[in-house]
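Residue numbers start at 1 and run along the sequence shown.
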Amino acid sequence: MRFVVISVVFLLSLSTPLTSLADVTTLLHKADKIRSSDFNAFEALMAELEETDEPFETQQKHFYHLLKGYQLTFNGKVDEAIELYKNIESSNASETLKLRALSSLVNNYAVKRDFYYGAKAINRLFDQREKVQDEEALNSSFGIVAIFYNQAQQYELGLKVANQLLARNTTNRTQCFARQIKVESEFELAKVLTDYQYAQESIDFCKSNNEFLVANIIIMTVAESLTNESRIKESLKLLQDAEKQTVESKYPPLIGVFYSLMANNYLLLDQPDLAKTYGLKAYDSIQNFGLTKGLVRSLGVLYKAAEAQGDYQQTVEYLKRFNEAEKAYIDDTKARGLAFQQAKYEKLEQDNTIVILDKQNALLRTQAELAAEQSRNNRLALTLAVSLLILLFVWLYRSRKIQIKLRKLAETDELTGISNRHHFNHRAKRIIDDAENQKQPVSFVLFDLDHFKKVNDTYGHQTGDWALKKSVKEAKLVCRSIDLIGRMGGEEFGIVLPGCNVDEACKVAEICRAAIASIDTHETDHQFKITASFGVADASTCGYSLEKLFAGADTALYESKENGRNRVYQFNQ
């Protein structure tokens with residue numbers, strides 16, 4: 001989320017002289033100057049412009065729409081702002097205003113996390129630069145591109161552009177933003193800062209130029225780096241000192257990220273009550289701004305704090321939300337890179353096409369008849385090649401689909417959708433071998449639905465199938481994305497938990513047991529209780545062998561059943 005905050009703050013970071021009616025022009029330039037340093041005063045000026053009786057000239061109107069887009073973005077109306085910027089780009093606005101509109105468009109696509117259209121807008125921005133002489137507008141476009149690269153997680157490109165911008169002759173305000181981009185890029189590339197002195201100088205530099213919002217973003221980067229180096233108290237002190245100023249910004253995404261960092265520090269200091277308090281503040285501020293790292297961090301803190309407080313109902317609820325948010329964030333991260341590369345490839349393809357056409361035109365001017373014949377031959381060859389490529393891609397696509405379908409049928413339990421026993425054993429052995437090589441703990445959980453035959457005999461096999469699928473669904477919600485769950489046969493299931501010792505695995509099993517026990521069976525038109533017995537074993541007692549882990553968990557499962565069922569037992573030699 002920090003990247004989104006930066007993006008919004010940096011929009012339109014330049015000034016553009018316009019020849020227009022004096023009063024309107026004065027208000028426009030005044031609003032343009034203070035929009036990120038004093039947003040309340042900026043909104044007051046925008047209200048004054050909306051109510052003025054002075055008629056707007058053409059360029060004044062475009063300038064006003066540019067500032068209006070900034071106001072809409074800051075208030076969360078990103079789609080409306082995008083339409084304003086696109087209209088300016090296609091209008092008769094000055095070339096400088098068009099460049100600024102494109103810069104803002106790139107920013108807003110980053111805010112929306114639409115990196116494909118953002119990268120395409122960057123391609124148009126590069127072309128527009130050639131038409132503009134305004135140095136500050138050009139410098140700002142460099143900053144916009146650097147911010148976008150960072151948000152697309154192209155940090156090496158972001159750092160490169162930030163260094164280019166710092167080497168240019170720019171205003172102090174632009175230098176402040178460039179410093180922030182540089183600090184962020186270096187942090188994201190290594191997850192720790194190597195030059196805290198430069199970061200502190202950048203904070204002081206931005207504050208001296210009244211860019212407190214940007215200074216606070218750098219402070220959060222420094223705090224996260226300190227936390228990653230286990231300097232928790234230093235990180236927390238830094239955040240506490242900046243809390244009042246951050247809250248006064250009244251910008252929810254920034255506040256949400258800030259509180260998520262504080263909550264995580266309190267959790268690391270073993271203060272779950274404060275961790276929960278600040279985790280809730282973070283979640284409330286950031287939940288409506290998309291799936292971001294800050295949202296994932298706040299949910300992670302909340303479920304761990306609830307677990308530390310012994311509130312297992314909240315633990316399960318927050319753990320479910322955390323797993324969903326973490327998966328969505330990972331998927332979004334992958335999508336960013338793919339979208340960026342796709343737009344980059346299309347631009348390269350377009351440039352290559354233009355070069356080829358230019359060469360063909362030169363040849364046509366000197367050898368018209370030969371070029372015409374060659375062109376016909378090329379078209380025929382191209383048509384044939386395209387046809388062959390289409391046939392090849394169709395064949396590959398259908399072949400791939402069939403292979404995927406066959407593999408899924410071979411590896412998946414048809415009823416529950418999880419791994420069947422053969423595929424489970426194959427993957428489990430690899431996970432256990434990896435854990436042994438990395439000297440990491442690994443645990444095995446075996447659970448069995450209690451008195452399942454009675455459910456089939458009493459309510460029918462269709463109801464029994466429903467109970468199996470519902471129990472697996474609850475177990476999957478408790479498990480992490482790296483955990484492996486499979487059906488061993490009948491009503492017996494296994495879970496491999498890499499990185500978990502036996503105590504942690506027992507906690508997971510207990511949460512899973514409670515989730516299964518709370519299943520509501522009303523939708524089957526029958527009312528009955530579903531419970532499961534669990535056995536847990538880990539490599540510290542059984543060794544790094546699937547067979548021995550299975551045997552240990554099976555022994556503990558037998559003990560669980562012998563002692564009343566619906567409980568979790570761990571294997572002890």
Side-chain angles (χ1 to χ4, degrees), residues 82 86 89-90 105-106 109-110 112-127 148-149 151-154 156-157 291 327-427 430 476 481-482 484 486:
I82 285 176
K86 289 166 69 174
E89 183 189 359
S90 60
L105 194 59
V106 170
Y109 278 132
K112 280 190 68 177
R113 317 186 80 74
D114 192 339
F115 295 96
Y116 172 72
Y117 284 105
K120 289 177 72 71
I122 282 181
N123 294 335
R124 302 199 301 276
L125 182 147
F126 288 159
D127 293 336
F148 182 87
Y149 284 157
Q151 294 187 47
Q153 298 192 344
Q154 306 293 317
E156 291 183 351
L157 289 175
L291 293 162
K327 181 180 183 302
Y329 178 73
I330 292 172
D331 291 342
D332 176 66
T333 299
K334 294 178 181 177
R336 295 187 206 183
L338 290 174
F340 182 85
Q341 294 302 326
Q342 181 181 355
K344 183 179 179 181
Y345 172 79
E346 290 178 358
K347 173 63 174 173
L348 180 61
E349 185 179 43
Q350 179 184 1
D351 291 343
N352 289 338
T353 301
I354 292 172
V355 172
I356 291 171
L357 289 174
D358 287 343
K359 291 181 178 180
Q360 288 179 343
N361 288 335
L363 184 61
L364 284 171
R365 285 193 294 269
T366 58
Q367 298 177 324
E369 293 184 2
L370 179 60
E373 183 66 26
Q374 186 177 359
S375 178
R376 285 192 293 272
N377 292 337
N378 287 343
R379 284 198 296 270
L380 180 61
L382 182 61
T383 301
L384 179 61
V386 169
S387 299
L388 290 173
L389 282 173
I390 290 173
L391 288 173
L392 177 61
F393 283 131
V394 169
W395 178 81
L396 288 173
Y397 174 73
R398 294 186 63 183
S399 176
R400 180 63 176 166
K401 281 190 69 176
I402 292 171
Q403 289 177 7
I404 292 173
K405 187 174 181 179
L406 290 174
R407 182 182 298 169
K408 186 175 182 180
L409 287 172
E411 297 176 349
T412 305
D413 176 61
E414 184 178 1
L415 176 64
T416 60
I418 60 178
S419 296
N420 58 29
R421 181 161 187 163
H422 174 76
H423 183 55
F424 176 87
N425 287 344
H426 177 71
R427 289 185 61 193
R430 291 176 58 184
K476 287 173 68 177
S481 59
I482 62 173
L484 174 64

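By the salt bridge (charged side-chain N to carboxylate O under 4.0 Å, His left out) test, Lys476 pairs with no residue at all, sequence neighbours left out. Partners of Ile482 by side chain to side chain contact (heavy atoms under 4.5 Å, CB included), not counting sequence neighbours, listed by chain and number: Arg480, Pro498. Evaluation of the side chain to side chain contact (heavy atoms under 4.5 Å, CB included) rule for Arg430 yields His426 as partners, not counting sequence neighbours. Every residue meeting the side chain to side chain contact (heavy atoms under 4.5 Å, CB included) condition with Leu384, not counting sequence neighbours, appears here in chain and number order: Leu388.
Here the CG-NZ distance, from Asn123 to Lys120, works out to 7.0 Å after rounding to the nearest 0.5 Å. Here CG of Leu382 is found 12.5 Å from CG of Asn377. Values are rounded to the nearest 0.5 Å. Taken from OH in Tyr149 to CD1 in Ile122, the straight-line distance is 5.0 Å, to the nearest 0.5 Å.
In summary, Arg427 and Glu411 do not engage in a salt bridge, as defined by a charged side-chain N under 4.0 Å from a carboxylate O.
Nearest heavy-atom pair, Ser419 versus Leu484, reported as atom, atom and distance to 0.1 Å: OG-CD1, 3.9 Å. When all heavy atoms are compared, the tightest approach of Ala121 to Leu105 is CB-CD2, 4.4 Å. Looking at every heavy atom in both residues, Asn420 comes nearest to Thr412 through ND2-N, 3.7 Å.
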